[in-house]
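The structure under discussion appears below in the form of structure tokens.
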Amino acid sequence: MSTDTQNRTRTEEFKLDGGKVLDKIKELIHEGNIRRITLKNEDGKTLIEIPLTLGLVGAALLPVFAAVGALAAVVTRMVIAVEKVDPD
């Protein structure tokens, strides 16, 4: 985990099997305070970056979930890097 004191953000990484990735992303989005989600393969290569804005909810997330589901079906293990904004 790393911390950027100027912007008050922190990054967390989760290593999951492909089938659990979509559930974890949904859980993280519902927690809130997420600025960006990056999906990487086991070698650390970025597969997809998902910037999240405050107004991104509901139907707007359906294409994101579809893309993540497609990646999870192809890649057996993934790393989810989550950039969170710390509340003041």
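This is a predicted model, so every value here is computed, not measured.
- Partner of Leu39 under the side chain to side chain contact (heavy atoms under 4.5 Å, CB included) criterion, out of Leu16, Thr46, Ile25, Val79: Ile25 alone.
- One distance of note links CD1 of Ile80 with CG of Leu22; it measures 9.0 Å at 0.5 Å rounding.
- Between the side chain of Asp43 and the main chain of Lys45, no donor-acceptor pair closer than 3.5 Å is present.
- The NZ atom of Lys40 sits 8.5 Å away from atom CD of Glu49, with the distance rounded to the nearest 0.5 Å.
- When every heavy atom of Val75 is checked against every heavy atom of Arg77, the shortest pair comes out as CG1-O, 3.1 Å.
- Residue Arg36 holds its CZ atom at 10.0 Å from OG1 of Thr11, rounded to the nearest 0.5 Å.
- Ile50 CD1 to Ile29 CD1: the interatomic distance, rounded to the nearest 0.5 Å, is 6.5 Å.
- Asp23 pairs by the side chain to side chain contact (heavy atoms under 4.5 Å, CB included) definition with nothing, not counting sequence neighbours.
- Across His30 and Lys26, no two heavy atoms sit closer than the pair CD2-O, 2.8 Å.
- Put simply, CD on Glu83 and CD1 on Ile34 are 9.5 Å apart, with the number rounded to the nearest 0.5 Å.
- Distance check, rounded to the nearest 0.5 Å: CD1 of Ile37 to NZ of Lys24 gives 10.5 Å.
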